[in-house]
Amino acid sequence: MHRALGEAEKAAERDEVPVGAVLVEAATGQVIAAAGNRTENANDPTAHAEMLVIRAAAERRRSPRLDGCDLYVTLEPCAMCAAAISLARVRRLYFGAYDPKGGGVEHGARVFEQATCNHKPEVYGGIEETQSAELLKRFFGERR
C-alpha cells in the first residue's frame, strides 16, 4: 500500500486526484504495474489508477485475466473500476479510504454483490485508511 500511496502523491503533483494503484503477482510479490490517476492529463475519464494498472498488467501478461494478482489502491474503487477488477479476475483487492460518495465496492453500486458479477475478489478495506484519506483531504482543501 505504501507504493500505491507514492503513486497517489505523484498524481497530486500532476494536479490529478491523488489516487494510486499497484498490481502485484501474489505468488512472487513482484509489482507488475503501478500508476496514479491520469484523467485530467490524458483527457480520459477512464484513466483511473486502477484501470491504468489493469491495462498495463494485462498487456504485460498478454492476457485479459489477472489470476493470482492482488490490487492495492488508495481509495475504494468506483463502479467502473470494480467491474474491471471483476472482469480481470483479480484475486484480492486491498483499498485505503472508503468512498461513500463514489465508491462501487462497499458503497453505491456494490458491484461485487450483484447477481451479474461473475468474479468477486477477496476485499480488504481500510488499509492505511487515514493516510489515504488525508492525502485526498489535503488535495481538495488546497483547491477550495
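Each residue takes its place number in the sequence, starting with 1. Quick caveat, the model's predicted, so the values are computed rather than measured. Keep in mind that the numbers below use all heavy atoms, side chains included, and drop hydrogens, waters and symmetry copies.
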Given side chains that start at C-beta, do those of Val73 and Leu93 come closer than 4.5 Å, heavy atoms only?
yes

Using a 4.5 Å cut-off on heavy atoms from C-beta on, say whether the side chain of Glu40 contacts that of Arg14.
no

Can you tell me how far apart [atom1] ([X]) and [atom2] ([Y]) are? Round to the nearest 0.5 Å.
X      : Y      : atom1 : atom2 : answer
Ile32  : Asp70  : CD1   : CG    : 9.5 Å
Ser132 : Asp99  : OG    : CG    : 11.5 Å
Leu71  : Leu66  : CG    : CG    : 9.0 Å
Tyr98  : Leu75  : OH    : CG    : 11.5 Å
Glu134 : Glu128 : CD    : CD    : 12.5 Å

Check: [Y] main-chain N/O paired with [X] side-chain donor or acceptor under 3.5 Å:
X      : Y      : value
Gln114 : Ala109 : yes
Arg3   : Ala34  : no
Thr74  : Gly20  : yes
Asn37  : Pro18  : no
Glu76  : Val105 : yes

Please identify each residue that fulfils side chain to side chain donor-acceptor pair (under 3.5 Å) with Thr39, with sequence neighbours left out.
Glu16

Taking all atoms of both residues into account, what is the closest heavy-atom pair of Val53 and Ala21, and its distance?
CG1-O, 3.5 Å

Quick test of your reading: applying ring-ring contact (aromatic ring centres under 6.0 Å, His included), list the pairs with at least one residue in [range], sequence neighbours left out, ordered by first then second residue.
range            : value
residues 26-46   : none
residues 1-43    : none
residues 35-57   : none
residues 106-144 : Tyr94-Tyr124

Are there over 12 heavy-atom neighbours, none belonging to Glu59, within less than 6.0 Å of that residue's CD?
no

Would a hydrophobic clustering, with Ile, Leu, Val, Met, Phe, Trp and Tyr connected at side-chain separations under 4.5 Å, put [X] with [Y]?
X      : Y     : answer
Val17  : Met1  : no
Tyr72  : Ile54 : no
Ile127 : Val24 : yes
Val111 : Phe95 : yes

Can you name the side chain to side chain contact (heavy atoms under 4.5 Å, CB included) partners of [X], sequence neighbours left out?
X     : result
Ala56 : Ala33
Arg55 : Asp44, Thr46, Met51, Leu52
Thr28 : Glu25, Gln30
Arg65 : Ser63, Asp67, Arg89

Go through the structure and list residues passing salt bridge (charged side-chain N to carboxylate O under 4.0 Å, His left out) with Lys10, not counting sequence neighbours.
Glu7

Name all residues meeting the salt bridge (charged side-chain N to carboxylate O under 4.0 Å, His left out) criterion together with Arg143; count only those two or more places apart in sequence or in a different chain, and write none if there are none.
Asp15

Review item, side-chain donor-acceptor pairs of residues 78-85, under 3.5 Å, at least two apart:
none

